[in-house]
Asks: 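Attaching a single structure in structure tokens format; questions to follow.
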Amino acid sequence: MAIGAFGALAGNSDTALFHAVSLVFSGGWSWACFAFLVGCFRQSKAESALLAFLGLAIGVAVYYALKALSPVKPIGVDGTVAPSGGDSWSQIFFWGTLAFLFGAPLGLFGNLARIPGVAGLPFRLLVPLIAYFETTVRLDVEVASAGPGAGSTWSAIRVLAVLAAMVLVGHTVWGWRTRHDGPGVGSGSG
């Protein structure tokens with residue numbers, strides 16, 4: 001519920017901070033990250049998939065319900081009221097369907113990311129890859145219409161995604177080296 005509420009309510013403010021929060025919590029990568037993290041924290045693969053889908057579906061319903069109830073409509077870059085994008089029920093149905101199609105696999109991938117070492121690395125790199133790809137596309141397509149600060153927010157997300165991927169790869173390599181070097185290597189004992 002929180003991800004839907006943050007995304008919907010932050011977009012109603014005209015401050016730069018809330019606009020950035022709205023861009024983060026309205027982006028697909030943050031929702032993918034949520035579903036992925038649900039899977040990371042569950043023991044069962046089936047439970048990971050089911051709870052990730054349910055969490056996204058609830059978030060979608062909250063997001064569009066709050067958007068529909070909000071007396072304040074977002075203001076576009078040119079100062080006009082931005083279009084609402086259709087009625088809430090059709091948006092809930094559309095994004096709820098996508099929550100099912102993508103939420104369950106992302107929850108499962110989050111569960112599989114718990115596999116230690118190199119075998120789990122591709123799953124752990126999934127969210128930084130999604131964040132980088134989505135924000136790159138948004139920078140190319142939507143930056144002019146997304147309001148002030150969108151370019152810098154999406155650029156910062158891209159940088160953080162690259163840094164996260166580097167940390168994940170470094171951590172995996174470090175773990176692999178310490179397991180394969182064995183005790184005593186490099187410690188001066190022979």
Side-chain angles (χ1 to χ4, degrees), residues 1-12 18 20-70 84-138 142 153-154 156-158 160-172 175-176:
M1 289 175 42
I3 193 168
F6 282 136
L9 296 176
N12 291 335
F18 282 116
V21 168
S22 176
L23 289 170
V24 169
F25 284 102
S26 297
W29 72 269
S30 61
W31 292 70
C33 182
F34 168 75
F36 183 87
L37 288 174
V38 167
C40 282
F41 290 106
R42 305 310 308 166
Q43 295 294 325
S44 159
K45 289 174 181 55
E47 191 176 72
S48 295
L50 178 64
L51 291 177
F53 153 65
L54 288 174
L56 287 180
I58 291 168
V60 165
V62 167
Y63 180 86
Y64 284 104
L66 289 175
K67 285 282 201 186
L69 295 173
S70 174
S84 64
D87 89 281
S88 295
W89 288 112
S90 64
Q91 295 290 324
I92 290 171
F93 178 76
F94 175 76
W95 290 106
T97 301
L98 289 180
F100 173 72
L101 293 175
F102 292 110
L106 282 165
L108 176 62
F109 295 154
N111 187 277
L112 294 173
R114 297 170 38 170
I115 299 170
V118 176
L121 182 61
F123 299 109
R124 291 188 291 276
L125 290 173
L126 190 59
V127 171
L129 178 67
I130 291 170
Y132 185 86
F133 178 74
E134 180 190 0
T135 53
T136 298
V137 169
R138 286 180 180 255
E142 297 179 28
T153 300
W154 289 331
I157 292 168
R158 282 174 27 141
L160 292 173
V162 169
L163 290 174
M166 290 171 50
V167 167
L168 290 168
V169 169
H171 182 266
T172 300
W176 181 82

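We number each residue from 1, following the sequence as shown.
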Asks: For the atom pair CZ (Phe36) and CG (Asn111), what is the distance rounded to the nearest 0.5 Å?
Replies: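 Spacing of CZ (Phe36) from CG (Asn111) equals 9.5 Å.
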
Asks: Between the side chain of Thr153 and the main-chain N/O of Ala20, is any donor-acceptor distance below 3.5 Å?
Replies: no

Asks: Exactly one of Phe34, Phe100, Trp31 should register a ring pair (Phe, Tyr, Trp, His ring centres under 6.0 Å) with Phe53. Which one does?
Replies: Phe100

Asks: Could you walk me through whether Arg138 and Leu23 pass side chain to side chain contact (heavy atoms under 4.5 Å, CB included), step by step?
Replies: CA-CA 11 Å; Arg138 286 180 180 255; Leu23 289 170; 5.7 Å; no

Asks: Within this structure, what is the CD-CZ distance for the pair Gln43 and Arg114, rounded to the nearest 0.5 Å?
Replies: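 Reported value, rounded in 0.5 Å steps: 4.0 Å.
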
Asks: Quick check: closest heavy atoms across Phe41 and Leu37, and the distance to 0.1 Å?
Replies: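 Smallest heavy-atom distance, with atoms named: CD1-O, 2.9 Å.
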
Asks: Between Val60 and Gln91, is any pair of side-chain heavy atoms under 4.5 Å apart?
Replies: no

Asks: Under the ring-ring contact (aromatic ring centres under 6.0 Å, His included) test, which residues partner Phe109, sequence neighbours left out?
Replies: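 Partners of Phe109 under the ring-ring contact (aromatic ring centres under 6.0 Å, His included) test: Phe123.
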
Asks: How close do Ala119 and Ile115 get, heavy atom to heavy atom, and via which atoms?
Replies: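 Between these two residues, the closest heavy atoms are CB-CG2, 3.7 Å.
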
Asks: On a heavy-atom basis, which atom in Ala161 and which in Ala131 lie closest, and how many Å separate them?
Replies: CB-CB, 4.1 Å

Asks: Can a donor-acceptor pair be found, under 3.5 Å and without considering hydrogens, that links the side chain of Arg42 to the backbone of Ala49?
Replies: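 Checked: no pair found.
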
Asks: Kindly write out the residues that satisfy side chain to side chain contact (heavy atoms under 4.5 Å, CB included) with Thr135, not counting sequence neighbours, or none if the list is empty.
Replies: Trp29, Trp154, Ile157, Arg158

Asks: How close do Ala35 and Ala52 get, heavy atom to heavy atom, and via which atoms?
Replies: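 Nearest pair, atom of Ala35 first, then Ala52: O-CB, 3.6 Å.
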
Asks: Is there a donor-acceptor pair closer than 3.5 Å between any side-chain N or O of Thr97 and the backbone N or O of Phe93?
Replies: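 Yes, Thr97 side chain to Phe93 backbone: donor-acceptor pair under 3.5 Å.
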
Asks: Of all heavy-atom pairs between Val127 and Cys33, which one has the smallest distance, and what is that distance?
Replies: CG1-CB, 3.7 Å

Asks: Please report the closest heavy-atom contact between Leu168 and Leu121, naming both atoms and the distance.
Replies: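 For Leu168 and Leu121, the tightest heavy-atom pair comes out as O-CD1, 3.8 Å.
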
Asks: Flag the pair Val38 / Leu56 as yes when at least one side-chain heavy-atom distance between them is below 4.5 Å, and no otherwise.
Replies: no

